[in-house]
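Let me begin by presenting the structure, written as structure tokens, before commenting on it.
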Amino acid sequence: MKDIRQIINEALEKIKNADVAALESVKTEYLGKNGVLTQILKSLSSRSIEDKKRIGSEANNAKSVIEVEIESKKENLKKALLDEKMREEKLDCSKSFYFPFSKGSFHPIIQTMRDISVVFKSLGFAVAEGPEIETEWYNFEALNIPESHPARDAQDTFYLEGAKALLRTHTSPGQIHVMEKHKPPIRVIVPGKVYRNEASDATHFSTFHQVEGLAVDENVTFADLKAVVSDFIRKFFRSDIGMRFRPSHFQFTEPSAEVDMQCVFCKGKGCRLCKFSGWIEILGCGMVHPNVLKSVRYDCEKYTGYAFGLGVERITMFKYGIDDIRLFYENDLRFLRQF
Ligand code: FA5
């Protein structure tokens, strides 16, 4: 009894003054395989049953006392270390300091794509992505534009050399990817970069961005399309800006329409930008053509849908009053810093 009490006192004294490394040696010395207390317990085999009970219980009790003390000392040491670190690394957030770099910002096109996504998400649309390199099937055939159809010439295509692949000319192939993977009901937008082999001017560029929209379900009508597009434009521009639906033609929609916005540069009077019409086209849309639904094996008797493709550069020009699309891609910091 006396010995064990002495052992405890001795161990507690060592623990009191130990650092992290010393704690480990104390642990080995008393509780380890060949530790003092383990030896005592091992030696009991030759003793009487009464001794075994009494000394065994005292030794086990001593083991737990020492173990608890080591753990609590460890915690205290850890806390002290952390406190010291916090003291050393303390930041005075009230101090102002000189930061020699100007803050970066998102490119206006990326910012617009994010803003567009926020509005459509609020209208219940999910956001998906499609590849920029496509096959003719996704970019044309599945969209009801067969080979040798004149509609293929309407979008001058960059073909990849030696491969039967091309740079997508619009985000509409995104419709096919989504429908192949999911069953109706579908409400999705597909934002992305598109490429066309065409000459640039103030409102056209060879690389630009579109946001595709697609909704497919039972009983979807043109009225739903009109409501969603009008609601989007109101929310995006935060005003009742002049807009009109104009009948048009796309192979993948029937009926088809284009949406024009009243030219913000001349307020509809007619200028160089709107080609003196007072309106600038911002999106194409329509009811998904039954052949497109068939190409993804949807039941076109049961489901109908609408789709739209929005020009991101065009609506960014509108929002900020930018009169030349090429400004987005010149990387002139004086232009970019305004956003
Ligand atoms: C299309 O690309 C169709 N895929 C849109 C569509 C989708 C119709 C779904 C029906 C259903 P379009 O070629 O008109 O259509 O282009 C759509 C929009 O992209 C245009 O309204 C315009 O805002 C923008 N756009 C077209 N060409 C250019 C260009 N070269 N530079 C910048 N923006 C362009």
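Only this structure's heavy atoms are used, side chains among them; waters, hydrogens and symmetry mates stay out. Counting starts at 1 for both ligands and their atoms, following the listed order.
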query = Are any of the heavy atoms in Tyr306 under 4.0 Å away from ligand 1?
reply = no
ask   = Would one find an N or O of His204, backbone or side chain, under 3.5 Å from an N or O of ligand 1?
value = no
inquiry  = Below 4.0 Å from ligand 1: does a non-hydrogen atom of Thr203 turn up there or not?
reply    = yes
message = Assess the residue pair Glu180 and Tyr138 against the criterion (side chain to side chain donor-acceptor pair (under 3.5 Å)); give the C-alpha distance rounded to whole Å, side-chain angles, the decisive distance to 0.1 Å, and a yes or no.
response = CA-CA 11 Å; Glu180 277 179 344; Tyr138 284 103; 2.7 Å; yes
task = Before accepting this row, confirm whether a basic side-chain N of the pair Glu88/Lys85 lies closer than 4.0 Å to the acidic partner's carboxylate O.
result = no
request  = Give yes if a backbone or side-chain nitrogen or oxygen of Glu212 is under 3.5 Å from a nitrogen or oxygen of ligand 1, and no if not.
outcome  = no
query = Any nitrogen or oxygen of Thr253, main chain or side chain, under 3.5 Å from a nitrogen or oxygen of ligand 1?
reply = no
request  = Answer yes or no for Glu313: is there a heavy-atom contact with ligand 1 below 4.0 Å?
outcome  = no
For Ala307, the ligand 1 atoms whose distance to one of its heavy atoms is below 4.0 Å = 9 (C), 11 (C)
query = Can you list every salt bridge (charged side-chain N to carboxylate O under 4.0 Å, His left out) pair that touches residues 277-300, not counting sequence neighbours?
reply = none
ask   = With atoms numbered from 1 as shown, which atoms in ligand 1 lie under 4.0 angstrom from a non-hydrogen atom of Gly284?
value = 6 (C), 7 (C), 8 (C), 10 (C)
Centroid-centroid under 6.0 Å between Tyr320 and Phe339 rings = yes
query = Is there a donor-acceptor pair closer than 3.5 Å between any side-chain N or O of Lys235 and the backbone N or O of Phe232?
reply = no
task = Identify, by atom number and element, the atoms of ligand 1 in contact range of Leu283, meaning under 4.0 Å from any of its heavy atoms.
result = 21 (O)
request  = Could you establish whether Ser172 and ligand 1 come within less than 4.0 Å of each other, counting only heavy atoms on the residue side?
outcome  = yes
ask   = Considering only heavy atoms of Ile325, which atoms of ligand 1 have at least one such atom less than 4.0 Å away?
value = 31 (N), 32 (C)
inquiry  = Does any N or O of ligand 1 fall below 3.5 Å from an N or O anywhere on Thr169, backbone included?
reply    = no
message = Counting only nitrogen or oxygen atoms and a 3.5 angstrom limit, does Phe205 reach ligand 1?
response = yes
ask   = What about Trp279 and Phe236, same hydrophobic cluster or not, with Ile/Leu/Val/Met/Phe/Trp/Tyr joined at side-chain heavy-atom distances under 4.5 Å?
value = no
inquiry  = If we set the cut-off at 4.0 Å for heavy atoms, which region of Phe308 has an atom near ligand 1: side chain, backbone, both, or neither?
reply    = backbone
request  = Show which atoms of ligand 1 fall inside a sub-4.0 Å distance from at least one heavy-atom site of Arg196.
outcome  = 1 (C), 2 (O), 12 (P), 13 (O), 16 (O), 26 (C), 27 (N)
message = Pairs of nitrogen or oxygen atoms closer than 3.5 Å, one from Glu281 and one from ligand 1: do any exist?
response = yes
request  = May I ask you to decide if Ala202's main-chain N or O and Arg272's side chain share a donor-acceptor pair within less than 3.5 Å?
outcome  = no
query = So is there a nitrogen or oxygen of Ile282 less than 3.5 Å from a nitrogen or oxygen in ligand 1?
reply = yes
query = Measuring from Lys302:NZ to Glu218:CD, what's the distance to the nearest 0.5 Å?
reply = 5.0 Å
key: Which residues share a ring-ring contact (aromatic ring centres under 6.0 Å, His included) with Tyr30, sequence neighbours left out   = none
request  = Could you tell me whether Phe250 and His170 have their ring centroids closer than 6.0 angstrom?
outcome  = no
